[in-house]
Number of protein chains: 2
Amino acid sequence: MEKEVTIYDLAHKLEISPATVSRALQDHPAISKKTKKKIFELAEEMGYRTNNFARNLRNKNTNTIGVIVPRLDSYFMSTVIAGIENTAGNLGYQIIISQSSEQVKKEASSANTLFNSRVDGLLVSLAYDTEDLSHFDIFLKKKVPIIFFDRVTDYDGCMNILIDNRKAANEATRHLIQQGCRRLVHLTAIPKRNVYIDRLEGFKQALEEAGLPYSEDQVIIDNLSQEAGVRAAEIISKMKPLPDGVFVSNDNCATVCMITLKKMGIRIPEDIAFVGFNNDPVCKVAEPNLTTINYPGYEMGQVAARSLISHLSGAVNIHATTAITLRADLIVRASSMRIKSS
Amino acid sequence: MEKEVTIYDLAHKLEISPATVSRALQDHPAISKKTKKKIFELAEEMGYRTNNFARNLRNKNTNTIGVIVPRLDSYFMSTVIAGIENTAGNLGYQIIISQSSEQVKKEASSANTLFNSRVDGLLVSLAYDTEDLSHFDIFLKKKVPIIFFDRVTDYDGCMNILIDNRKAANEATRHLIQQGCRRLVHLTAIPKRNVYIDRLEGFKQALEEAGLPYSEDQVIIDNLSQEAGVRAAEIISKMKPLPDGVFVSNDNCATVCMITLKKMGIRIPEDIAFVGFNNDPVCKVAEPNLTTINYPGYEMGQVAARSLISHLSGAVNIHATTAITLRADLIVRASSMRIKSS
DNA sequence: TTGTATGCGTTATCAG
DNA sequence: CTGATAACGCATACAA
């Protein structure tokens with residue numbers, strides 16, 4: 001390991017004080033242009049790079065934001081991360097990522113690790129069944145801001161960034177009804193987190209608005225995996241009477257469910273129309289192409305990062321805002337087109 | 001911001017020296033069990049957390065590894081990241097992620113940022129057309145180890161973690177030939193990076209081994225997006241004679257190409273058989289299900305992280321090994337089954 | 001506009 | 001087994 005160049009080295013060589021060098025490097029107004037120029041040039045020449053540890057040790061901020069997500073390996077989440085990374089990077093922040101693997105315990109330990117890394121702020125999408133949020137208390141106590149996105153919660157005054165899941169689900173369901181569906185089914189995950197609770201709400205609401213009855217049999221709960229799609233297809237195919245419209249909380253699951261039903265001889269959308277959720281690339285591969293709710297993941301990531309960083313730089317107080325809601329529109333494709341448009 | 005608890009606070013309260021506390025906290029053998037116990041208990045009680053900046057300032061290592069990938073928002077890459085995160089986390093390392101967006105320039109600036117963050121090591125999957133690797137020189141000069149994965153290169157003695165793309169492509173192509181295909185096409189990206197070069201090689205090799213002719217018309221170069229799949233379908237459908245087998249370097253692109261051809265009335269696999277690459281979830285959604293090469297992304301991430309960290313902890317010298325090759329097997333599904341197995 | 005002096009929290013060296 | 005002390009590199013209060 002070669003020796004690093006420090007401000008002392010620069011100072012020594014220019015026969016000025018380290019303090020002046022330090023100030024110049026920060027573009028401090030009280031340093032003359034000439035001196036600054038000299039310093040910058042020498043810094044460049046000698047390959048100086050600031051030591052962030054020393055700086056952070058003094059300043060107590062890290063220019064790093066922590067991100068906790070339930071899983072990294074879904075298209076939606078990787079899109080969000082891409083958005084976060086992009087914005088954070090542009091604003092001079094780095095991101096440290098960890099995944100909870102949908103386990104509260106890992107979420108807590110991730111939170112702890114990130115806390116110990118002294119992240120300046122936290123971006124969190126909660127695990128499936130996190131109820132106790134006490135592992136985040138430490139952040140609040142130290143006034144480290146937390147923003148929840150997608151899988152959110154009411155926690156202190158922390159800001160939430162989300163879409164209106166109820167409205168989206170309502171729109172999806174209403175669309176199915178408009179297409180002539182009367183016996184609807186909603187395939188989703190256990191309604192513990194907002195996203196699933198709200199979608200179920202929206203589903204019910206649309207039924208009610210259309211004067212359609214609702215019973216619990218119309219909701220199939222599973223984990224939204226591809227396998228869940230197969231299982232759901234089995235259940236749906238045995239329902240009497242056969243449903244004529246299915247709204248699924250996840251595109252991948254929806255698609256598999258759809259093609260499994262097709263294999264059983266059920267026509268899509270004539271017998272059963274389908275609407276998914278997310279606008280995953282899989283939608284355009286499915287046959288018929290899957291109608292879905294466009295979930296703006298990349299944008300969500302950008303907004304989350306931007307909001308957090310604005311708060312950190314003092315520009316905006318995120319405690320004033322409790323939530324930012326992003327648009328999530330219905331994208332109609334063949335899987336739900338029972339009425340051919342004239 | 002409340003005051004942090006430091007080893008001084010602990011020391012003071014126990015009326016011992018900070019040095020002892022520091023040692024105890026590191027489980028130094030020269031400290032009595034009794035003393036350690038006292039210290040640990042008090043630390044717990046007072047909510048002590050080590051200040052990594054101070055520690056790093058002294059130690060000059062960060063327990064952080066940097067990751068540079070071309071894109072974050074692909075299923076394959078998010079799987080790799082998940083694997084890296086998982087292993088690194090278990091071994092006490094954090095990861096800082098940045099994406100090059102397939103641009104050399106961003107790759108270089110990411111490298112720089114990570115360098116300034118003093119990451120202990122680097123995991124890199126190269127951008128599409130990175131040729132000049134000089135932005136990594138700084139790492140080598142400081143003996144910060146770099147491991148390349150997936151999109152690799154020969155660079156100093158840096159270790160590569162990859163699959164045998166040539167072999168995989170060969171196997172894929174051979175499989176098509178075994179299924180009776182004689183007029184093969186390979187849809188891929190510009191053969192600049194190893195992955196595409198090697199796959200093309202494997203493709204050619206398989207043709208040669210089977211005594212089939214090869215001409216450049218059999219290779220379609222595009223960016224492997226879904227749109228590229230559509231474009232390729234146009235081209236393929238106009239080829240005379242029509243090809244009877246297509247090997248695509250990416251599942252998503254393959255699937256879209258396949259269904260576009262289907263819409264034109266071409267039967268899969270009877271008229272044209274398809275093999276993709278990656279084993280993306282989309283394979284099981286495609287109709288017919290897509291035959292593909294299983295690319296073990298999660299495992300690759302784990303191996304990469306483990307190798308890097310072993311090196312860092314001095315257990316293994318990665319310069320001794322130049323490459324680790326992971327298994328990547330063919331998964332046969334309906335899209336290529338022209339000969340019904342007896 | 002610049003310099004002096006000090007502390008941020010750890011760890012390691014040396015001494016006991 | 002334990003203590004005193006000196007760095008690590010930077011930023012700032014205070015002085016000049």
Given atom [atom1] of [X] and atom [atom2] of [N], what is their separation to the nearest angstrom?
X       : N      : atom1 : atom2 : result
B/Leu25 : C/dT11 : CG    : P     : 7 Å
B/Asn51 : D/dC10 : CG    : P     : 16 Å
A/Asn61 : D/dC10 : CG    : P     : 16 Å
B/Lys60 : D/dG9  : NZ    : C1'   : 8 Å
A/Leu14 : C/dT1  : CG    : P     : 18 Å
A/Asn52 : C/dC8  : CG    : C1'   : 15 Å
A/Lys36 : C/dT1  : NZ    : P     : 9 Å
B/Ile7  : C/dT11 : CD1   : P     : 6 Å

For a quick test of your reading: what N or O donor-acceptor pairs under 3.5 Å do the side chains of residues 8-15 of chain B make, sequence neighbours left out?
{"unit_1": "B/Asp9", "atom_1": "OD2", "unit_2": "B/Thr6", "atom_2": "N", "d": "2.8"}

*What closest approach, in Å, do A/Arg193 and A/Tyr128 show between heavy atoms, and which atom pair accounts for it?*
CG-O, 3.3 Å
*For salt bridge (Lys or Arg N to Asp or Glu O under 4.0 Å), just list the numbers for A/Glu85 and B/Lys106, CA-CA rounded to whole Å, side-chain angles, deciding distance to a tenth of an Å, and then say yes or no.*
CA-CA 12 Å; A/Glu85 199 283 335; B/Lys106 251 224 94 191; 3.8 Å; yes
*Between D/dT2, D/dC8, D/dC10, which nucleotide has the shortest distance from any of its atoms to the side chain of B/Leu57?*
D/dC8
*Of the nucleotides C/dT10, C/dT2, D/dC10, which one has an atom closest to the side chain of A/Ser32?*
C/dT2
_Restricting to ring-ring contact (aromatic ring centres under 6.0 Å, His included), what partner residues turn up for B/His135, sequence neighbours left out?_
none
_At 4.0 Å (heavy atoms only), tell me whether B/Phe53 reaches a base, stays on the sugar-phosphate, or touches nothing._
nothing
*Using a 4.0 Å heavy-atom cut-off across all strands, classify B/Ile16 as base, sugar-phosphate, or nothing.*
sugar-phosphate
Please list, pair by pair, any protein nitrogen or oxygen found under 3.5 Å from a nitrogen or oxygen in nucleotides 12-16 of chain D.
{"unit_1": "D/dT12", "atom_1": "O4'", "unit_2": "A/Arg58", "atom_2": "NH2", "d": "3.1"}
{"unit_1": "D/dA13", "atom_1": "N6", "unit_2": "A/Arg23", "atom_2": "NH1", "d": "3.4"}

*Closer to the 5' end of DNA chain C via nearest nucleotide, is it A/Tyr8 or A/Ala30?*
A/Ala30
